[in-house]
A.B. asks: 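Before anything else, here's the structure in question.
Reckoned from all heavy atoms, side chains included, excluding hydrogens, waters and symmetry mates.
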Amino acid sequence: MKPTLRMTSLMLAGAAALTLAACGDNTAAPSNAEPTVETPMAMPEPAEPTQDIVAAASVAPDFTTLTSAVQSADLAQRLAGPGPFTVFAPTNAAFEKIPLADRTALMQPSGKAELTKVLTYHIVPGRLLAADIQAQAAANQGTASLTTIQGGKLTLKDAGNGQWEITDTKGNTSKITLADQLRTNGVVHVVDTVLMPAT
């Protein structure tokens, strides 16, 4: 055992000495190898969407309230149809900005008509990407006006820093926090506030 241990210790010490010598040697001849140049990774092409608007929302944790509201208003089948639709989708946090009593009333059977009006006010016929909205705004002194399937108007303008602000018919504003979420039957733009149509 003793010779083996001693030999192993000598081998380890020698390896350590060689390693330290290599680290401290600043006079080594430069290598002829080409320097490694890091190139940025190419962004993958966006995948073709595989889910419709309703199916995608139903599995997203930030849209449980919207999904429940769509079901309560009997709009799921319509929004799962061929469309295409552009949906300004409020998150759970957006719905929580509505006073609890009003939110609860909307979700009751007696509030179905009002809920349907609110939800359809977030839907525009056709497939409008952010670039399409920007082009409309550029052609109209910086403001895009969209007509929803509810019949009311939404006004969109560039709020700076790449964000778009939406104004509803009551003068309330919402911001698009995530744009161009492609679906098989349209596109979704995530918004941070529920938009309200005129009564």
A.B. asks: Can F63 be reached from L195 by stepping across I, L, V, M, F, W or Y side chains whose heavy atoms are under 4.5 Å apart?
C.D. replies: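 L195 and F63: separate clusters.
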A.B. asks: Does D158 reach the main-chain N or O of Q134 with its side chain, forming a donor-acceptor pair under 3.5 Å?
C.D. replies: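 Judged by distance alone, no pair lies under 3.5 Å.
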A.B. asks: With a sphere of 6.0 Å drawn around NZ of K175, does it hold more than 12 non-hydrogen atoms of other residues, nucleotides or ligands?
C.D. replies: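 It does not: K175 NZ has 12 such atoms or fewer within range.
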A.B. asks: Atom CD1 of I133 and atom CD1 of I166: how far apart are they, to the nearest 0.5 Å?
C.D. replies: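 Those atoms lie 7.0 Å apart.
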A.B. asks: Under 3.5 Å, is there a donor-acceptor pair linking the side chains of D168 and S174?
C.D. replies: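 Absent: no donor and acceptor within the cut-off.
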A.B. asks: In Å and rounded to the nearest 0.5 Å, what is the NZ to CE distance from K117 to M196?
C.D. replies: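 CE of M196 is found 11.0 Å from NZ of K117.
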A.B. asks: Can a salt bridge be assigned to the pair R127 and D132 using a cut-off of 4.0 Å between side-chain N and carboxylate O?
C.D. replies: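 So R127 does not pair with D132 through a salt bridge.
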A.B. asks: Output the distance between atom CG (N185) and atom CD (Q51), rounded to the nearest 0.5 Å.
C.D. replies: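 One finds 11.0 Å between CG of N185 and CD of Q51.
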A.B. asks: More than 12 heavy atoms of other residues, nucleotides or ligands under 6.0 Å from CZ of R78: yes or no?
C.D. replies: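 No, CZ of R78 has 12 or fewer neighbouring heavy atoms, counting only those of other groups under 6.0 Å.
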A.B. asks: Are F88 and H122 an aromatic pair by the rule of ring centers under 6.0 Å?
C.D. replies: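 That pair fails the under 6.0 Å test.
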A.B. asks: Main chain of S110, side chain of Q108: is a donor-acceptor contact present, judged purely on distance under 3.5 Å?
C.D. replies: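 Checking the backbone N and O of S110 against the side chain of Q108, no donor-acceptor pair under 3.5 Å is found.
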A.B. asks: Residues two or more places apart in sequence or in another chain: which of them pass side-chain hydrogen bond (donor to acceptor under 3.5 Å, both in side chains) with T193?
C.D. replies: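 Expected list: K97.
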A.B. asks: For A179, does its backbone N or O pair with a side-chain atom of Q181 as donor and acceptor, under 3.5 Å?
C.D. replies: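 At least one qualifying donor-acceptor pair exists.
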A.B. asks: Is a donor on one side and an acceptor on the other found under 3.5 Å between the side chain of H189 and the backbone of D180?
C.D. replies: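 Judged by distance alone, yes, a pair lies under 3.5 Å.
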A.B. asks: Measuring from L156:CG to T173:OG1, what's the distance to the nearest 0.5 Å?
C.D. replies: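 Reported value, rounded in 0.5 Å steps: 11.5 Å.
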A.B. asks: CG of L75 to CD1 of I53: how many Å apart, nearest 0.5 Å?
C.D. replies: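 Reported to 0.5 Å precision, the distance equals 11.5 Å.
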A.B. asks: To the closest 0.5 Å, what do you measure between OG1 (T169) and OH (Y121)?
C.D. replies: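 If I round to the nearest 0.5 Å, the distance is 3.5 Å.
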A.B. asks: Are T86 and L146 packed together at the side-chain level, in the sense that at least one heavy-atom pair is separated by less than 4.5 angstrom?
C.D. replies: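 Result no, sub-4.5 Å side-chain heavy-atom pair not found.
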A.B. asks: Determine, using the 4.5 Å side-chain heavy-atom cutoff (strictly less than), whether I123 and V70 are members of one ILVMFWY cluster.
C.D. replies: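 Yes, I123 and V70 fall within the same hydrophobic cluster.
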A.B. asks: Counting N and O atoms only, with roles assigned by atom type, does the side chain of N92 sit under 3.5 Å from a partner on the main chain of T64, one being a donor and the other an acceptor?
C.D. replies: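 Such a contact is found between N92 side chain and T64 backbone.
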A.B. asks: Any side-chain heavy-atom pair from T120 and T148 closer than 4.5 angstrom?
C.D. replies: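 A side-chain contact is absent here, since even the closest heavy-atom pair is not under 4.5 Å.
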A.B. asks: Is there side-chain contact between E96 and T65, with heavy atoms separated by less than 4.5 Å?
C.D. replies: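 Not in contact.
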A.B. asks: Any heavy-atom pair between the side chains of R183 and V87 that's under 4.5 Å?
C.D. replies: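 No - every pair of side-chain heavy atoms lies 4.5 Å or more apart.
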A.B. asks: Do the side-chain N and O atoms of T184 and D52 include a donor-acceptor pair separated by under 3.5 angstrom?
C.D. replies: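 Short answer, no.
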